[in-house]
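No experiment lies behind these values; they were computed from the predicted model shown.
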Amino acid sequence: MDLFSSSTEKEKTNEPLASRMRPRNLSEYIGQEHILGKGRLLRRAIQMDQLSSVIFYGPPGTGKTTLAKVIANTTKSHFSTLNAVLAGVKELETEINLAKERRDLYGIKTILFIDEVHRWNKRQQDALLPWVENGTVILIGATTENPYFEVNAALVSRSRIFQLKKLTESDLYKIAWQAINDKERGYGKYDVSFEDGALEHLVSVSSGDARSLLNALELAVETTGDSFPPKDGEKIHITKEIAEESIQQKAVLYDKEGDYHFDVISAFIKSLRGSDPDAALYWLARMVSAGEDPRFIFRRMMILASEDVGMADPFALVFVTSCAEAFDRIGLPEGRFHLAHAAIYLSTCKKSNSSLAFFDALSDVEKEKNDEVPNHLKDASRDKEGFGHGEGYLYPHSFKDHWVSQQYMPTGLQGKIYYRPGDLGYEKQIRSEVLEKRQIQLETVVEDEFEEILTYSPGDRKRNMWIERAMGERSSSLKSQMDKLYFDLRLRRHENALVLNASSGLLLWPLMKRNPEGLSVAIVKKKEQKDIIDHYAKELDDLAKPLVIVSETKECFSKLEEGLKFSAISARNILSRLESAEEIVKNISQIMEDDGCFYLLQAVPSLSSRLSDFSALLKNELLMAEKSIYSDLNPLTNWCEKDIEKLLKRYFPSVSIEIFEQKEKRVLKKEMLSSWYENSYKAHLKEDIKDRFLQELSDKEVEFSSSTLIIRCEKKKKAEIKAKKTTEKEWEKVQEMTK
């Protein structure tokens, strides 16, 4: 059975609104910009029909099955569907056999969509694995459960995971008006209007679920008119009361066996630990409303009373235990008072996690299994005479204050400290006494305390290897500049990056290392530069390669896809003529995300060495020429860092500029000198001087000084605008923008 098979017109008419309004292509799809925005990896894979195995993970109503439908409408591959609730290994074998037949006889690939893939057990998922691995089918799995917990690890490792988030209120408004205005599939044939607050209520209670919103909208529209179903052109006015009846309070999304169960209890415990009673009561209410077992909640609070409150308030465990016992006697609904009472107490009392010292001791026990008990601590009741066990033990009650200094640790662990009393609550009272006695015991034993943290983050080994190889081509000078430029680079895996005047890609590789799921674009001035970048990237899959565009910086913006935005834009020496740089800066600000950053390395000619510094025979002539070259009339040299900063601040509220000065040994090549002469010096020197100019300076090794501006600009995040009612006129603008 094909979930997306064509239906008759009558069947389509009888379909629920949510089914009829499923987007048919990417232009109709609303939301999930982090994976489907322009330039994002998944969008490019769909558009290029180069999809590899993927798993879509997210709450109900966020568009997982809809994405599968979009892919089905786009791909040239055969698209098959199974629902894991209804199908098993037998149905899977049938699909695999058909896929092999298509591949062997016709050369057609098969995409297999498995809805609710987490419903399959390990044996069923294992049956799918070899066919995904050898490419017989390309898997698209959809699941509401965390795939890292519920899907075969081998399948996960061979698939890209895309997490879909709840839709924003702005997305839901667009979806609602899309349905209201669509004459073919929605309610565009009717005159639908809303009382103030009615549509807002539907959106709010839908809580990010498009299906829930459309189901409620369908009920409201089709039961409000004078006839059922309404007639073409009929006026339908939905009041707030009708909206409230159409969408009852949404059930709390919660599965006591699933991912949300663990996420919500985790949020509850972290709120208690963080001493936030408001958040603790909210998450407690989420659990109680969803039918969580109160005894489970009490058990977790009892653990927290010792783990996170501990010795700061030893009474906490007694208090929570008392509340749990009271709940057992009283039950629900009144027992909710005891749940709330315990939660408020734990979230407001002093905290200490000093009891975790036990696990440090446990770790040492595992390492020191054969370390003997010190002789004076051994049991003396049986062999004191023969072996002297217990000899030297000091009985504390025989001493003042019932305490005496002696070692109780194994020899190899003497001086080891586990318990560190905090300075809050009850622990504050005992802290000084514990530390004083410990100091006496330690005497000359010095605590050797250090912590080692190791982290490992797996990634695309092949991709990282070629990036490292490419980055290895950098000169040490440029590497130092780039390290300073990118020291605070914030680029998430799915975000887009652009490099202007990318040359051979030196500024590009560090960005690509951070955004394997985003689009990387490089603008170069010459085809030879494009060839260099393409050469480095030839080992990569097409989707992982950077997009390289040959263009002058000024013209490049018109060659980018309309609406494409970048989170990181990097460039080198693109503002050389300040008089014409404003247009470039303006364009950069327009294609940057609101929370994006612009990184720029800009050489400053006026602060660098001049040829007169290296000449003896022509020094005076060169000095006179340079007086004109570096005058206020020359657009290449008549600016400094303050002029750059003034320009950038017109478009970026946050601008940071650092001057990077360096000296390096450099050989003045004849070709370079000829270029400098023709472009700058020729107009200010006598005609017969060129030969002497080249003869004196060619192949001369000099110590060259240069200054480069290291610039970082940010567009501050705009204040979040509360979602508001989208009028039909506003919706028309949205449609116009997405054409």
Measure the acute angle between the ring planes of Phe319 and Tyr345, then classify it against the limits of 30° and 60° as parallel, tilted or perpendicular.
parallel
Determine yes or no for a side-chain-to-main-chain donor-acceptor pair under 3.5 angstrom, with Ser206 supplying the side chain and Leu202 the backbone.
yes
Under 4.5 Å between any side-chain heavy atoms of Leu17 and Asn215, yes or no?
no
Please confirm whether the backbone N or O of Gly197 pairs with a side-chain atom of Glu200, one donor and one acceptor, at under 3.5 Å?
yes
Does Phe162 have its ring centroid less than 6.0 Å away from the ring centroid of Tyr57?
no
Strictly below 4.0 Å, N to O, side chains only: are Glu517 and Arg160 in salt-bridge contact?
yes
Is there a side-chain contact between Ser355 and Met311 in this structure, where contact means two heavy atoms from C-beta onward sitting under 4.5 Å apart?
no
Close side-chain approach of Tyr29 and Leu67, heavy atoms under 4.5 Å
yes
Does any non-hydrogen side-chain atom of Lys69 lie less than 4.5 Å from one of Pro23?
no
With a cut-off of 6.0 Å (strictly less than), are more than 12 heavy atoms of other residues, nucleotides or ligands near CD of Glu241?
no
Check against side chain to side chain contact (heavy atoms under 4.5 Å, CB included), Lys166 and Asp209
CA-CA 7 Å; Lys166 283 186 177 181; Asp209 186 333; over 6 Å; no
Output yes when a side-chain donor or acceptor of Arg158 lies under 3.5 Å from a complementary backbone atom of Ala154, and no otherwise.
yes
Can you spot which of Leu42, Thr66, Leu164 makes a side-chain contact (heavy atoms from CB on, under 4.5 Å) with Gln32?
Leu164
Got a donor-acceptor contact below 3.5 angstrom from the Gln125 side chain to the Trp120 backbone?
yes
Would you confirm whether Asp171, through its side chain, and Leu167, through its main-chain N or O, come within 3.5 Å as a donor-acceptor pair?
no
Should Lys565 and Met592 count as side-chain neighbours, where that means a heavy-atom distance under 4.5 Å?
no
Under 4.0 Å between a Lys/Arg side-chain N and an Asp/Glu carboxylate O for Lys351 and Asp308?
no
So, the side chain of Ser246 versus the backbone of Ile242: is there a donor-acceptor pair under 3.5 Å, distance only?
yes
Hey, does Ser53 have a side-chain heavy atom less than 4.5 Å from the side chain of Ile140?
no
Run Met301 and Leu272 through side chain to side chain contact (heavy atoms under 4.5 Å, CB included) and show every step you take.
CA-CA 9 Å; Met301 286 197 284; Leu272 295 177; 4.0 Å; yes
Would you check, one step at a time, whether the test side chain to side chain contact (heavy atoms under 4.5 Å, CB included) holds for Phe56 with Thr62?
CA-CA 10 Å; Phe56 298 142; Thr62 51; over 6 Å; no
Keeping the roles fixed (side chain from Glu150, backbone from His118), state whether a donor-acceptor pair exists under 3.5 Å.
no
Is the closest side-chain heavy-atom distance between Trp283 and Ile265 below 4.5 Å?
no
What I'd like to find out is whether the side chain of Ile297 reaches to under 4.5 Å of the side chain of Leu339, using heavy atoms alone.
yes
